[in-house]
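To start, the structure under review is shown below, and the notes come after it.
Residue indices begin at 1 and follow the sequence shown.
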Amino acid sequence: MLLELLVENFAVADRVRVRLHAGLNVLSGETGSGKSLIVDSLGLLFGGRASAEVVRSGAERARIAGIFEAVRTPELVTLLEGAGLEMEDGELLVEREILSSGKSRAFVGSRAVSAGFLKELQPYLGDIHGQHDQQRLFSAVEQRAMLDEFAGNEAVLEKVGGLWNALRAAEGELRQLEEREQEMLRQRDVWSFQKQEIEAADLKPGEDVSLDQELRVLANVVKLKEQAGGAFEALQEGPESAMSVLKVAIKRIVELRRIDESLDGVLDSLRSAEVSIDDATSDLSRYLGKLEADPGRLQFVETRIGEVDKLRRKYGHTVEDILVFYDKVCADLSLVEGADERRDYLKKQVEKLRDEYQKAAADLTARRKKAAGKLDQKVESELKDLNMERSRFVIAVQEAEWSVAGTDDVRFLISTNLGEEPKPLEKVASGGELSRLALALKVSLAAKGGRTMVFDEVDAGIGGSAAEQVGKKLKMLAGKNQLLCVTHLAQIAAFGDHHYSVSKKELKGRTHSVVEELDGAARVKEVARMIGGQRLTDEAVRYAEQLIEMGAAV
């Protein structure tokens, strides 16, 4: 149930706060007064598409906030916990902000959520029924969904859908395997040759890099020995070597230190340099010891590089690339070798899934046909109460192609005249008849109760006694659900448990929407206006009082 709604900077509303109640809440007002303000605001709280056009001129953002009282069902708790949310005292604060740039933000319990999450949350809070929703009655998919809702087919639908998806996946894999089989058989010899060629090379990761390095060394042994030997002599051998010069410097500093101990740091640095030169000459000595011309090794390395280069031209730029290609070839060969076994398994799996799907779909069909017989009688009964006593309503459940929703085509058929065969809704029902049929379906499907139901222009195309019957139905429906009804008919407004007037006022050169809850004389005046227009007559006032008294007695 919607307890309170706050609307700020939305369309012509600068700030509107409405406290709503259980039962039938009626909203009325002049044409263009902004009666749909509540409906449009709730549409956004239920995850509807936001647009910068709804932001009040001159404002940076529009804000809508609703406090809902919700039934704590296991499904709702699971949904909230999945988003890190929880209810507080059975209430949920749902908010939506629309920036003037067109971007929007959504919040539940002051925590940011997506508009998609609001759509998931909507079924637990309420729904909106307007003229657009009446057009949805023409959709076979929507008709099937309504029948499944009435039948309580959620678990069976989930089972059928799961089997259908599994069947489609198995059939797709089998088809792909069979399509690829001939190509794979043609490729098998090629893959086997590639696998053997790479295996024969016995490649090691990084081998190409190390071979290139070794080749550079072996091809330049003479130059390397010459340069390394020269460096060794410059560091260690001869009176002009770095070590000889350094030792002379150390000797002189030692003598100077006897006079000035402040040279300790210089002496330490020179001795550190002496150790470094000694280490460097040792390393060079070992390096020179390994530098030996080896024509045999050079030829081997050149040959090995040739072998690796041959494979690189075919299978990859590096040895690592070649090894990745090798793994893929091995995997492809495994598929070929295991194709027969996999194909046999998939054929059995497809057969098994088809059998399970048929059984589950048959169960779903039986449930739909049983529920259809109950729902069409219930709807017919409701239509009689709505001055459509000659109407026949039939739900036809016929065989259709297999799908995720089973093997049924569900159609709502109606005959509004005696002696006429029932036909699809779009070929028979007028606007007023469609409005009453939509209400009859809502009443028939609302057995559980406990939700907020919004009716926008439910009175389209009707009047007189039909309007009175619609009002009674809405009143009855409000016994289990909170109803918000936007109407222009006094016969419907009179049945309201609570009545709100929506109007526009001008203040300081700006137009403002105002929503006021009416009671007593103010309500009688508004119902009288709905009867006779702005010019109130004593007759209109008396008739309004009679209508309200009659509505209260229901």
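- For A396 against L413, the heavy-atom pair with the smallest separation is CB-CD1, 4.1 Å.
- For the pair E356 (side chain) and L353 (backbone), a donor-acceptor distance under 3.5 Å is absent.
- In this structure, F10 has no ring pair (Phe, Tyr, Trp, His ring centres under 6.0 Å) partners at least two apart in sequence or on a different chain.
- Distance alone, capped at 3.5 Å, is enough to place a donor-acceptor pair between the Q122 side chain and the G126 backbone.
- What you find for I253 and L263 is that their closest heavy atoms are CG2-O, 4.2 Å.
- Using a 4.5 Å cut-off on side-chain heavy atoms (C-beta onward), Y357 and T407 make contact.
- In this structure E173 satisfies the salt bridge (Lys or Arg N to Asp or Glu O under 4.0 Å) test together with R342, sequence neighbours excluded.
- Between the CE atom of M453 and the CG atom of N481 there is a distance of 5.5 Å, given to the nearest 0.5 Å.
- Using modelled atom types, one finds no donor on one side chain facing an acceptor on the other under 3.5 Å when comparing S272 with S269.
- Using a 4.5 Å cut-off on side-chain heavy atoms (C-beta onward), L3 and M1 make contact.
- Closest heavy-atom contact between Q143 and F412: OE1-N, 2.8 Å.
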| task | I would like to know whether D332 and K328 meet salt bridge (charged side-chain N to carboxylate O under 4.0 Å, His left out); could you show each step before the answer? | result | CA-CA 6 Å; D332 288 338; K328 181 180 180 303; 3.0 Å; yes
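- Under the salt bridge (Lys or Arg N to Asp or Glu O under 4.0 Å) criterion, K348 pairs with no residue, sequence neighbours left out.
- The main-chain N or O of G84 is found under 3.5 Å from a side-chain atom of R111 such that the two form a donor-acceptor pair.
- Within the structure, the salt bridge (charged side-chain N to carboxylate O under 4.0 Å, His left out) test picks out the following pairs touching residues 90-105 (sequence neighbours left out): R61-E97, R63-E95, E97-R105.
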| said: Run R312 and D309 through salt bridge (charged side-chain N to carboxylate O under 4.0 Å, His left out) and show every step you take. | reply: CA-CA 5 Å; R312 288 198 296 192; D309 284 344; 2.4 Å; yes
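- Applying the salt bridge (charged side-chain N to carboxylate O under 4.0 Å, His left out) rule to pairs touching residues 245-256 yields nothing, sequence neighbours excluded.
- Legend: residues meeting salt bridge (Lys or Arg N to Asp or Glu O under 4.0 Å) with D278, ordered by chain and number and at least two apart, are absent.
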| said: One pair to check against side chain to side chain contact (heavy atoms under 4.5 Å, CB included): F117 and L80. What are the steps and the verdict? | reply: CA-CA 10 Å; F117 180 80; L80 294 174; 4.3 Å; yes
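- Side-chain contact between F455 and K442 is present, with at least one heavy-atom pair separated by less than 4.5 Å.
- Of all heavy-atom pairs between A405 and L157, the closest is O-CD2, 4.1 Å.
- Side-chain atoms of L79 and L85, non-hydrogen and from C-beta on, never get closer than 4.5 Å to each other.
- Here the CG-CD1 distance, from D208 to I322, works out to 7.0 Å after rounding to the nearest 0.5 Å.
- The distance from atom CD1 of I98 to atom CG of N9, rounded to the nearest 0.5 Å, is 10.5 Å.
- Side chain to side chain, T318 and D321 meet the donor-acceptor criterion of an N or O pair below 3.5 Å.
- Side-chain contact annotation: S100 with E60, donor-acceptor N/O pair under 3.5 Å absent.
- A salt bridge between R304 and E307 is present, with a side-chain N of the basic residue lying under 4.0 Å from a carboxylate O of the acidic one.
- For Y326, the ring pair (Phe, Tyr, Trp, His ring centres under 6.0 Å) criterion is met by no residue, not counting sequence neighbours.
- With sequence neighbours excluded, no residue forms a salt bridge (Lys or Arg N to Asp or Glu O under 4.0 Å) with D40.
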Listed pairs under 3.5 Å, donor-acceptor, residues 45-55 side chains, sequence neighbours left out:
{"from": "S51", "atom 1": "OG", "to": "E53", "atom 2": "N", "distance (Å)": "3.2"}

| message | Go through it in stages, so that I can follow the logic: the residues are L211 and V308, the test is side chain to side chain contact (heavy atoms under 4.5 Å, CB included), and I'd like the CA-CA distance, side-chain angles, deciding distance and then a yes or no. | response | CA-CA 10 Å; L211 285 171; V308 174; 4.2 Å; yes
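- The heavy-atom pair separating A170 from L346 by the smallest distance is O-CD2, 4.3 Å.
- Considering only heavy atoms from C-beta on, V329 stays 4.5 Å or farther from I198 through its side chain.
- Considering only heavy atoms from C-beta on, K204 stays 4.5 Å or farther from V319 through its side chain.
- Pairs passing the salt bridge (charged side-chain N to carboxylate O under 4.0 Å, His left out) check and including a residue from residues 260-269, sequence neighbours excluded, read R257-D264.
- Taking CZ of R144 as the start and CG of N153 as the end, the distance is 11.0 Å to the nearest 0.5 Å.
- Applying the ring pair (Phe, Tyr, Trp, His ring centres under 6.0 Å) criterion to W191, with sequence neighbours excluded, gives no partner residue.
- Under the 4.0 Å criterion applied to side-chain N and carboxylate O atoms, R367 and D408 are not assigned as salt-bridge partners.
- A salt bridge does not link D355 with K352: every distance from a Lys NZ or Arg NE/NH1/NH2 to an Asp or Glu carboxylate oxygen is 4.0 Å or more.
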| said: Between L2 and I67, does the side chain to side chain contact (heavy atoms under 4.5 Å, CB included) criterion hold? Intermediate values first, please. | reply: CA-CA 6 Å; L2 177 61; I67 300 176; 5.9 Å; no
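- By the neighbour-count criterion of 12 heavy atoms within 6.0 Å, atom CD of E75 is densely surrounded, having more than that number from other residues, nucleotides or ligands.
- More than 12 non-hydrogen atoms from other residues, nucleotides or ligands lie less than 6.0 angstrom from NZ of K314.
- Minimum interatomic distance between A106 and L118 (heavy atoms only, all atoms of both residues): CB-CD1, 3.6 Å.
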| request: Determine, step by step, whether V275 and R271 satisfy the side chain to side chain contact (heavy atoms under 4.5 Å, CB included) criterion, reporting the C-alpha distance in whole Å, the side-chain angles of both residues, the deciding distance to 0.1 Å, and the verdict. | output: CA-CA 6 Å; V275 172; R271 283 179 171 162; 5.9 Å; no
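- Listed by first then second residue, pairs satisfying salt bridge (charged side-chain N to carboxylate O under 4.0 Å, His left out) with a partner in residues 155-172 read E171-R354, not counting sequence neighbours.
- Proximity of L311 to F325: side-chain heavy atoms (C-beta onward) are nowhere separated by under 4.5 Å.
- Counting heavy atoms from C-beta on, the side chains of I64 and L42 never come closer than 4.5 Å.
- Rounded to the nearest 0.5 angstrom, R15 CZ and R56 CZ are separated by 13.5 Å.
- The CD atom of E149 sits 10.0 Å away from the CG atom of L441 when rounded to the nearest 0.5 Å.
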